[in-house]
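To start, the structure under review is shown below, and the notes come after it.
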Amino acid sequence: AKTAEPGTVAFFDAPMHVSALRRTALANELDQGLRENQFELQYQPIVNLASGRTDRFEALVRWRHPERGQLLPDEFLPSMEDTGLIVQLGHWVMAEVCRQLVEWGPEVVSVSVNISDKEFWSQDLLTRVLATVGRHGLAPDRITLEITESVLMRRPELALRLMQKMHEAGLRLHIDDFGTGYSSLETLHRFPVDAFKIDRSFIRTLTSSDNSVELISALVKLGKALGIAVVAEGVETGEQLEFLQEIGCATGQGYLFMPAVAGDRVAELLGHSLHA
Ligand code: C2E
Ligand code: CA
Ligand code: CA
Ligand code: CA
């Protein structure tokens, strides 16, 4: 950016100007969207692969945009992440999950909330989460934070300290998209995590590639050795389910069981087997 001379109009670099404009426009849309209840959470069951039952869910955000129709996260989260607005959306997500947990009652053991890069590194994440959880009269372990491996690996030492504080506060912690971020074993086993989620890309290639068979088996063994639960993402076929059951993978998520559904459908899912 150029420095403005006294008495002249300041000129900004074009990209900066554009992104400032874009941020303002998006911020207005986000504010309006939040005020007018355009955002909605859907919940995907995390299923016990042996019994087919569920008592945990992952919250996934949708935007019912007045002009553009229903938007999926990939369509609006990247620009919210770039502009930092995701932090504001994250506050809404956390409050809405807590409200929903109170409505469902204790049969829903915990809800997983995705934490973006910007949110994870923001100063007051832990304080805010605990305040929101406390305001709703919930125990912190009713909330599970899902943090991607690549976010953690940006600054592993600092991430470890942050995660230790979150763990001590009683929050549950899951590593999301595991297998895509090149973390070392040594790093992994120091993190106070309850589970890691094997990225969908590995499950998808299960039937076509011997590599992913070996890799997934190794990850499940690793989880057992470290005493960390393993969740397989993106289970779509009976064949994939059978393989995961054979190697002793305890939990999974995927369209085979159920896509994310509205909060008012969750009660009817509890206590039933979701095996096809
Ligand atoms: P993710 O955390 O890896 O979430 C899993 C994504 O896989 C979800 O997409 C889910 O609908 C989809 N999925 C579940 N089962 C299957 C399956 O069997 N096959 C296939 N092909 N896909 C499946 P969705 O809802 O579009 O979310 C995309 C990403 O957006 C999420 O990836 C997460 O990173 C992010 N996200 C979603 N909600 C939030 C949120 O509230 N906050 C933040 N920060 N990020 C969110
Ligand atoms: Ca996730
Ligand atoms: Ca994931
Ligand atoms: Ca993902």
> Picking from Leu89, Val87, Thr83, what satisfies side chain to side chain contact (heavy atoms under 4.5 Å, CB included) with Leu85?
Replying inline: Thr83
> For Gln123, does the CD atom have more than 12 heavy-atom neighbours from other residues, nucleotides or ligands under 6.0 Å away?
Replying inline: no
>> Check the orientation of Trp104 and Phe57. Use parallel for under 30°, tilted for 30 to 60°, and perpendicular for over 60°.
In response: tilted
>> For a 4.5 angstrom cut-off between non-hydrogen side-chain atoms, does Leu60 reach Asn114?
In response: yes
>> Is the shortest side-chain heavy-atom distance between Leu152 and Phe120 below 4.5 Å?
In response: yes
> So do Leu30 and Gln88 actually touch side chain to side chain, heavy atoms under 4.5 Å?
Replying inline: yes
> Got Ser116 and Leu77 here, is their nearest side-chain heavy-atom distance under 4.5 Å?
Replying inline: no
>> Using the rule side chain to side chain contact (heavy atoms under 4.5 Å, CB included), only one of Val231, Thr54, Val235 pairs with Thr251; which is it?
In response: Val231
> Under 6.0 Å from the CZ atom of Arg99, do we count more than 12 heavy atoms belonging to anything else shown?
Replying inline: yes
>> Less than 4.5 Å apart, side chain to side chain, heavy atoms only: is that true for Trp63 and Glu29?
In response: yes
>> Strictly below 4.0 Å, N to O, side chains only: are Glu149 and Lys197 in salt-bridge contact?
In response: no
>> Please give me the minimum heavy-atom distance between Ile143 and Cys98, naming the atom from each residue.
In response: CD1-SG, 4.2 Å
> Are the side chain of Gln245 and the backbone N or O of Leu49 linked by a donor-acceptor pair below 3.5 Å?
Replying inline: yes
> Checking His174 side chain against Asp176 main chain: does a donor-acceptor pair fall under 3.5 Å?
Replying inline: no
> So Phe39 and Trp92, would you call those rings parallel, tilted or perpendicular, with 30° and 60° as cut-offs?
Replying inline: tilted
> Hey, does Arg56 have a side-chain heavy atom less than 4.5 Å from the side chain of Arg172?
Replying inline: yes
>> Would Arg64 and Glu36 count as a salt bridge (Lys or Arg N to Asp or Glu O under 4.0 Å) here? Give the steps.
In response: CA-CA 10 Å; Arg64 271 186 288 163; Glu36 296 179 359; over 6 Å; no
>> Contact between Arg128 and Met94 at the side-chain level, heavy atoms closer than 4.5 Å - yes or no?
In response: no
